[in-house]
Amino acid sequence: MDRTPHAYTPHDVARRETSEQLRARIPGWGADLDRADRPQFPELSLREDLTGARWEFPERQPGGESRERSIEHAFVTPVFGTAQPRRGLSGAIRKHAYAKYSEARAAHWLMLIAADRVEATGAHLMSIVRLHPDNPITETGITSELTRSGLSSRFGRKRSDTNHQWMDPVLVAGPFVAAAVVGAKALARARRTD
Amino acid sequence: MRAMVYRGPYKVRVENKEIPRIEHPNDAVVRVTMGAICGSDLHLYHGMMPDTRIGHTFGHEFIGVVHEVGSSVQNLAVGDRVMVPFNIFCGSCWYCARGLYSNCHNVNANATAVGAIYGYSHTCGGYDGGQSEFVRVPFADVGPTIIPDWMSDEDAVMLTDACPTGYFGAQLGDIAEGDSVVVFGAGPVGLFAAKSAWLMGAGRVVVIDHLEYRLEKAREFAHAETFNFTDYPDIVVEMKKQTDHLGFDVAIDAVGAEADGNLLMHVTSAKLKLQGGSPIALNWAIDSVRKGATVSVVGAYGPIFSAVKFGDALNKGLTIRGNQCPVKRQWPRLFEHVRNGHLKPSELVTHRFPLEHIAEGYHVFSAKLDGIIKPLVIPSAA
Ligand SMILES: NC(=O)c1ccc[n+]([C@@H]2O[C@H](COP(=O)([O-])OP(=O)(O)OC[C@H]3O[C@@H](n4cnc5c(N)ncnc54)[C@H](O)[C@@H]3O)[C@@H](O)[C@H]2O)c1
Ligand SMILES: [Zn+2]
Ligand SMILES: [Zn+2]
């Protein structure tokens, strides 16, 4: 080593380009140089305009009584989402996860993840019963592998995600295959006992 | 109306749904004319976000036309062309009153740690999103803004999340004149962060990814030096060499929960959901900066714990700053930058999918096929 790297000496690393060079090369360079004049500073600044709000506390949206909430909240917030209310078994798990555990508890989140899987499985079964079955071809958009250069986008390109992308079809098709295997076994058993 | 719905991990379809109603006097219903898919939507699509319900309509980046307004709405009228920030916020709670719109306390009953986001699971409030023909927009007097005449639709939709978030990432880095900045991730957010770092006076901007086509965009669009992490046995060591063994002054994590580069980390989080996110890029950021540096985190992580190298962060005396971007707070400055040509957000749009083909859009964006950087979604009626 001919020179001691700067980290081991008191000196700053020399800049590669001066501010003048950068200003000439890069459009807009330094337009927001003033650190005190960036939209996020000072971080906590009381806004005089209250951004269009003409209330101190918003009027309450009706229907909050039965809605789940984080127990870290004092109440159901005055405005809330009403998409996909809780239903069925997954709904019961969710209700328990919210009622019992705060956001600080891993149990809260793991139960919610479990409820998601329970609901997805139920939804697949119901979609068959309701004659609007989930279509693993159209719903995964997998045909775009053919129309959007699936192979050439992936291979010979130093991508590091090809080592796990093969797992995706297994994750998606796994439950279908498992259901088929279980079904076939049950059928075979039923035949034998006939 | 037609709307994208979630059917379980890796599966989405388009269904008929009721047009949303006014549920609060300050609501509006907006007819969507253009939407987009965000890197954040991929975390939902892969089933990583707790309480993502079947039938949920995703989409937090959209513009449209006001279709109906509630009785107390004064700032908008039916027929106005509006852009809607991805955050839902009340404008008056302790946080909103201090400009922290992404941390609003009055809109997400399901959680206190995160504010509310359109179409982003019940953990983020349980509101259906904008990958559909119509969407309910709460606090219509507070969030949306009329699209200026001079602004294109594609610029406007990019200003609802990706562009402000990248700019915000650079701001959280507290960049001083001449600072060296390393950005992890060359998706739309990372590319805007790299570009914005120059506006704030960076002396050197480096972008890291493993997708060559995106690194090419980083060189051309963001004038950045680029490194493909697969070219190096250890990208952190390379970053030390690049900075005379000091490390960078600022790092920006624009990758988030599904980072690649370490199979074990990726699989335990993205596939097995045992972590709230794979913190590979975040750990690289922590290890690539100098002591006393700032690490800005705009890549998203879920609410479950992740294996972050906190000891290194502590021992190095780092400042770590992150948040969801308070989009509306960024707008006045960003509108200026777009108007005077410093930023052209629509340059990152590569794909436009009709709403009916959204499953294909999700797959192509998730698998990073066909040179995709930013996909837009166009509803049939638009
Ligand atoms: N904080 C916010 O307000 C906010 C807003 C929007 C998006 N986000 C988050 O920002 C992140 C990026 O969003 P996007 O739309 O650009 O997504 P994207 O998926 O298009 O981009 C992510 C990029 O990271 C790259 N990458 C993966 N592993 C990497 C690693 N170890 N090192 C470097 N690069 C790596 C990928 O190849 C990809 O190019 C996501 O996590 C998203 O959720 C946050
Ligand atoms: Zn987003
Ligand atoms: Zn608020």
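To find a chain, count down the sequence lines: A is the first, B the second, and so on, and within it residues start at 1.
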Q: State, to 0.1 Å, how close A:D134 and B:R7 come at their nearest heavy-atom pair, and which atoms those are.
A: OD1-NE, 2.7 Å

Q.
Parallel, tilted or perpendicular, judged at 30° and 60°: which one describes the rings of B:F139 and A:W55?
A. tilted

Q: Would you mind telling me which of A:R157, A:M111, A:R60, A:E59 has the largest number of heavy-atom pairs within less than 4.5 Å of chain B?
A: A:E59

Q: Decide salt bridge (Lys or Arg N to Asp or Glu O under 4.0 Å) for A:R130 and B:E15; before the verdict, give the C-alpha distance in whole Å, the side-chain angles of both, and the deciding distance to 0.1 Å.
A: CA-CA 14 Å; A:R130 294 224 175 92; B:E15 285 183 3; over 6 Å; no

Q | Heavy-atom proximity to chain A below 4.5 Å, by part of B:F168 | A | side chain

Q: Specify which of B:G8, B:G125, B:A116, B:G341 makes the most heavy-atom pairs with chain A at under 4.5 Å.
A: B:G125

Q: Could you have a look at B:H46, B:M48, B:H122, B:H351 and say which one has the most heavy-atom pairs with chain A under 4.5 angstrom?
A: B:H122

Q. Should A:D32 and B:H337 be marked as a side chain to side chain donor-acceptor pair (under 3.5 Å) after you check the CA-CA gap, both sets of side-chain angles, and the distance that decides it?
A. CA-CA 10 Å; A:D32 293 318; B:H337 287 324; 2.7 Å; yes

Q: Mind listing the closest non-hydrogen atom pair of B:A109 and A:T77 along with its distance?
A: N-OG1, 3.4 Å

Q | Residue B:R290 versus chain A: region with a heavy atom under 4.5 Å | A | neither

Q | A:H164 and B:D260: side chain donor to acceptor below 3.5 Å | A | yes

**Q.** Residue pair A:W29 / B:G201: nearest heavy atoms and the distance that separates them
**A.** CZ2-O, 3.4 Å

Q. Taking all non-hydrogen atoms of both residues, which atom of B:D244 and which atom of A:R3 are closest, and how far apart?
A. OD1-NH2, 2.9 Å

**Q.** Among B:C90, B:P138, B:C104, side chain to side chain contact (heavy atoms under 4.5 Å, CB included) partner for A:V79
**A.** B:P138

Q) Is chain A contacted by the side chain of B:V12, its backbone, both, or neither, given a heavy-atom distance below 4.5 Å? A) both

Q) What distance do A:E119 atom CD and B:T52 atom OG1 have between them, rounded to the nearest 0.5 Å? A) 10.0 Å

